Amino acid sequence: GVVQVFTREPVDGLQRSAVIGLGSDGQRQAGASLQGSSGALGYALGLSHERATGINVKTPAASGFNSDEDGYEFTSFDASLRWKLDKQHSLGLNLLASDGEYDFDGAPFPAPTGVTAANTQAVSESSLRQATLDWKAQWTEHWLSTLTIGRSEDLSPSRYWSQASG
């Protein structure tokens with residue numbers, strides 16, 4: 001699969017922003033960003049966190065029903081630096097890190113004897129790391145070239161345990 005992530009771009013001057021939110025099912029979020037430039041160097045930084053206690057997404061009649069609430073929690077950080085070499089050329093560095101976990105109704109397959117979605121706590125973890133380096137060249141008014149090299153790592157293991165054992 002392909003994961004395409006956009007980080008914040010540097011802007012002229014200095015811009016700051018913050019967000020705080022509350023919602024149903026225990027949802028809470030907070031985030032902050034800082035963007036700006038100084039001379040030929042532009043920068044953008046962002047940090048966010050979101051969590052919720054969750055809801056039970058399956059009805060009692062559904063296959064694999066588990067009466068627990070399936071919550072989640074995620075934290076992410078992004079950073080971008082852009083160095084203007086001249087009016088037509090720039091170099092950029094973009095970084096992204098995101099970590100989280102979410103609960104779901106499920107059981108391992110093949111399942112050990114007696115293990116079902118109804119008596120199992122299932123959690124999936126998500127960890128994403130991405131770094132890119134790019135060169136942008138504005139050759140003419142209508143011709144922009146971009147060369148990007150990057151590395152991504154996406155890890156999403158799942159864990160299961162019996163609710164009786166905690």
Side-chain angles (χ1 to χ4, degrees), residues 1-58 66 68-106 121-161 166:
V2 174
V3 175
Q4 187 171 5
V5 178
F6 298 95
T7 56
R8 301 169 216 281
E9 284 289 322
V11 297
D12 290 334
L14 177 63
Q15 293 182 0
R16 296 171 295 267
S17 68
V19 63
I20 295 176
L22 297 172
S24 61
D25 304 310
Q27 185 180 20
R28 298 177 298 283
Q29 65 179 15
S33 69
L34 178 67
Q35 297 166 273
S37 62
S38 178
L41 184 64
Y43 55 89
L45 301 169
L47 179 65
S48 65
H49 182 79
E50 184 171 354
R51 70 183 307 170
T53 54
I55 60 171
N56 191 353
V57 298
K58 291 187 175 184
N66 185 322
D68 67 336
E69 294 182 336
D70 298 323
Y72 64 89
E73 183 168 5
F74 284 90
T75 300
S76 65
F77 167 78
D78 64 270
S80 178
L81 292 173
R82 172 120 345 249
W83 180 32
K84 293 182 182 179
L85 303 170
D86 58 33
K87 283 187 126 183
Q88 292 82 23
H89 299 271
S90 67
L91 293 174
L93 173 66
N94 298 292
L95 304 171
L96 172 72
S98 178
D99 291 297
E101 69 177 40
Y102 59 91
D103 302 339
F104 64 97
D105 293 340
Q121 178 68 34
V123 175
S124 183
E125 297 173 344
S126 175
S127 179
L128 174 68
R129 301 287 181 270
Q130 183 179 49
T132 62
L133 181 62
D134 68 62
W135 166 61
K136 292 184 179 181
Q138 185 77 53
W139 301 106
T140 70
E141 181 182 346
H142 301 288
W143 180 10
L144 170 68
S145 296
T146 303
L147 176 64
T148 304
I149 185 168
R151 175 166 166 73
S152 290
E153 182 177 62
D154 184 2
L155 302 172
S156 298
S158 296
R159 298 174 297 161
Y160 302 90
W161 65 90

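For the single chain, residues carry numbers from 1 onward in sequence order. Computed from a prediction, not measured in an experiment: that's the story for all the values here.
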For [X] and [Y], work out which heavy atoms get closest and say how close.
| X | Y | answer |
| --- | --- | --- |
| Leu95 | Ala131 | CD2-CB, 3.6 Å |
| Ser145 | Trp139 | OG-NE1, 3.1 Å |
| Gly92 | Arg82 | N-NH1, 3.3 Å |
| Phe74 | Gly100 | CD2-CA, 3.4 Å |
| Asp103 | Asp70 | O-CB, 3.3 Å |

Do [X] and [Y] come close enough that some side-chain heavy atom pair is under 4.5 Å?
| X | Y | value |
| --- | --- | --- |
| Asp99 | Arg129 | yes |
| Tyr102 | Arg51 | no |
| Leu93 | Trp83 | no |

Got a second to check how far [X]'s [atom1] is from [Y]'s [atom2], nearest 0.5 Å?
| X | Y | atom1 | atom2 | result |
| --- | --- | --- | --- | --- |
| Ser127 | Glu101 | OG | CD | 12.0 Å |
| Gln138 | Leu144 | CD | CG | 5.0 Å |
| Arg28 | His49 | CZ | NE2 | 7.5 Å |
| Lys136 | Leu147 | NZ | CG | 12.0 Å |
| Glu125 | Glu73 | CD | CD | 12.0 Å |
| Thr132 | Arg151 | OG1 | CZ | 13.5 Å |

_Any donor-acceptor pair under 3.5 Å from Asp25 side chain to Gln27 backbone_ =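 Flag not set: sc Asp25 to bb Gln27 has no pair under 3.5 Å.
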*Is a side-chain N or O of Thr53 found less than 3.5 angstrom from the main chain of Gly71, in a donor-acceptor match?*
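Checked: no pair found.
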_Tell me which one of Leu91, Ile149, Asn94 satisfies side-chain contact (heavy atoms from CB on, under 4.5 Å) with Asp134._
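One option only clears the test, and that one is Asn94.
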